[in-house]
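Scroll down for the structure; my scribbles are underneath it.
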Number of protein chains: 2
Amino acid sequence: MSDLDKKNSSKNKTKTKILDVSARMFSKQGYNGTVLRDIANELNMKAGSLYYHFESKEQLVLEVLNIGLQNITDKVMAAIDALPEDATSRERLFAAAKGHLTALLEKGDYTSTSIRNLGLLPDSVLEEVMVSRKKYENMWRTWIEEAQAKGDIRADINIKVLRLSIFGALNRTVAWYKEGELTINEIAEIQMGFLWDGIS
Amino acid sequence: MSDLDKKNSSKNKTKTKILDVSARMFSKQGYNGTVLRDIANELNMKAGSLYYHFESKEQLVLEVLNIGLQNITDKVMAAIDALPEDATSRERLFAAAKGHLTALLEKGDYTSTSIRNLGLLPDSVLEEVMVSRKKYENMWRTWIEEAQAKGDIRADINIKVLRLSIFGALNRTVAWYKEGELTINEIAEIQMGFLWDGIS
DNA sequence: GTCTATAAGGCGATAGAC
DNA sequence: GTCTATCGCCTTATAGAC
């Protein structure tokens, strides 16, 4: 039995449901603003029962964060891998942005838990999640450096500030995105378009 | 005696100190992650004593939020007012961004409390602070609309997404800014430069 | 696997002494 | 204005029945 099968087997169905509800509440109300009783209530369970599946609240939020980061990494990697070998820097960065934003807004409860709570979590949790977070950021760093090396991003551009500005603009989208008006891909296209081509 | 004098008179010195400490802790640890005993401890006081100055924790955070918004509005308005009559759209928006970022990073405890906690606060607090927040956002909306009307921002630019992207990029700066490397004005200049001129 | 019951401690807030 | 003392409630977490 593969890891994936195990994850979705009935054995762990309850655990998955707990994670889903937790992700939703952590991302909406914050880690400190979410109490285990609320999570249990939503599942018609009692708070104590959660401890059969998780050994602590910290462990629970840690799993949510790890799944979120995995989701976003997978989505962005898939978007990049789907590109042809000879894709331009522009295509590469726009594809990455679309993947990032899709993971954030579509299955966003897990991913936006980290955005909403980063800096507000117990230190022990933060430390554990930082490693994979740095890895994800490094992927972007690489793509941006390559684009600048090829001359597709001007040499005078501060790419550290650029990367942080991209994350800033994209991540903030969770605070104002409403389904219906613009598609996720359109928003990513618009936001990256500002940066790539300018607005003037 | 003017309002300003009253604010700084010895009569309200303690209240001001409580606000300062509260702003720092709310912005760093979040509203729900900050307990009144921590605030009192920092001031060599007991938690109960805070209630001589504030009627509740909600009232306390509300005052912090209002001061923060006032700070940022004042700073941005001052930056705009300092411009000559015939300033260009570019100068206007860059000046606003510098003012915004300065208020955010320099006296940032008050201002970043709202950024850090928005959506994680009691509804009653959120409602009260929304009015002035909308007013501030409307100032930006106006400047951006005027710039597009003058043709300084291209007609095909989605200015709603633009405004939200500017806030996203600028506000996120609180998460990574370190004194020493780049000045606040340089960061604002760089970030607005990406948007105005593009990076390619 | 989930329940009830409860421990052990933290929280915001209040009352009254000083 | 600040203190001590405490109330009433809520929180995470555990133990043992079912």
Side-chain angles (χ1 to χ4, degrees), chain A residues 6-65 113 117 120-126 128, chain B residues 6-65 113 117 120-126 128:
Chain A
K6 254 190 243 153
K7 231 180 202 161
N8 296 322
S9 75
S10 68
K11 183 163 178 287
N12 289 312
K13 235 178 76 184
T14 309
K15 183 167 178 177
T16 306
K17 275 194 214 159
I18 294 173
L19 284 167
D20 284 347
V21 171
S22 303
R24 195 174 73 237
M25 306 197 84
F26 285 150
S27 69
K28 250 116 212 159
Q29 306 165 206
Y31 175 74
N32 285 310
T34 304
V35 298
L36 296 179
R37 205 187 307 274
D38 293 342
I39 296 172
N41 262 349
E42 197 90 351
L43 295 158
N44 289 91
M45 290 173 71
K46 302 295 166 184
S49 310
L50 299 174
Y51 285 83
Y52 176 82
H53 302 277
F54 299 92
E55 64 180 27
S56 70
K57 191 185 175 187
E58 293 196 5
Q59 193 59 39
L60 176 55
V61 75
L62 184 61
E63 288 205 33
V64 169
L65 291 169
T113 291
N117 290 285
L120 307 176
L121 293 165
D123 288 345
S124 56
V125 174
L126 263 163
E128 278 205 65
Chain B
K6 254 189 241 153
K7 230 179 204 160
N8 296 323
S9 75
S10 68
K11 185 163 178 284
N12 290 311
K13 234 178 78 184
T14 308
K15 183 168 179 179
T16 306
K17 275 194 215 158
I18 294 172
L19 284 167
D20 283 348
V21 171
S22 302
R24 195 174 72 237
M25 306 198 83
F26 286 149
S27 70
K28 250 114 211 162
Q29 307 164 205
Y31 175 74
N32 285 311
T34 303
V35 299
L36 296 179
R37 279 172 177 79
D38 293 343
I39 295 172
N41 262 346
E42 198 89 351
L43 294 158
N44 289 90
M45 291 174 72
K46 301 295 166 184
S49 310
L50 299 174
Y51 284 83
Y52 176 82
H53 303 276
F54 298 93
E55 64 181 28
S56 69
K57 190 185 176 189
E58 293 196 5
Q59 193 61 39
L60 176 54
V61 75
L62 184 61
E63 289 207 31
V64 169
L65 291 169
T113 291
N117 290 282
L120 308 176
L121 294 164
D123 288 346
S124 55
V125 175
L126 262 163
E128 278 206 66

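Proteins come first, then strands; the chains are lettered A, B, ... in the order of their sequence lines, and each starts at number 1.
Residue S49(B) has no polar side-chain atom (N or O) positioned under 4.0 Å from OP1 or OP2 of dG1(D). OP1 or OP2 of dT2(C) lies within a sub-4.0 Å distance of a side-chain N or O belonging to T14(A).
Within 4.0 Å of K57(A), counting heavy atoms only, lie sugar-phosphate atoms of the nucleic acid but no base atom. Within 4.0 Å of N44(A), counting heavy atoms only, lie sugar-phosphate atoms of the nucleic acid but no base atom.
No side-chain heavy atom of Y51(A) sits less than 4.5 Å from a side-chain heavy atom of Q59(A). Contact annotation: the side chain of L60(A) approaches that of I39(A) to within less than 4.5 Å [non-hydrogen atoms, C-beta and beyond].
A pairwise comparison of heavy atoms in L120(B) and K28(A) identifies CD2-O, 3.8 Å as the closest pair.
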Criterion side chain to side chain contact (heavy atoms under 4.5 Å, CB included) on F54(B) and L19(B), from CA distance to verdict: CA-CA 10 Å; F54(B) 298 93; L19(B) 284 167; 3.8 Å; yes
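Computed from coordinates, the N32(A) CG to dC11(C) P distance equals 11 Å when rounded to whole Å. Rounded to whole Å, the distance from CZ on F54(A) to C1' on dT12(D) is 15 Å. In this structure, OH of Y51(B) is placed 7 Å from P of dG12(C), rounded to the nearest angstrom. Put simply, CE on M45(B) is 6 Å from P on dC3(D), counting in whole angstrom units. Atom NZ in K46(B) sits about 20 Å away from atom P in dA17(C), given to the nearest Å. Atom-to-atom, CD1 of I39(A) to P of dT2(C) comes out at 15 Å; the value is rounded to the nearest Å. As a whole-Å value, the separation of Q29(A) CD from dT11(D) P is 11 Å. At whole-Å resolution of the value, CG in L36(A) and P in dT6(C) are 20 Å apart.
Residue A47(B) is the one, among A47(B) and D38(A), whose nearest nucleotide of DNA chain D lies closer to the 5' end (criterion: closest heavy atom). Residue-to-nucleotide proximity on DNA chain C shows that, of Y52(A) and G48(A), the 5′-proximal contact is made by Y52(A).
Distance from the side chain of R37(B) is smallest to dG12(C) among dG1(D), dG12(C), dC3(C). The side chain of V35(A) has dT11(D) as its nearest neighbour among dG12(C), dT11(D), dC3(C).
Here the side chain of N117(A) pairs a donor or acceptor atom with the backbone of T113(A) at under 3.5 angstrom.
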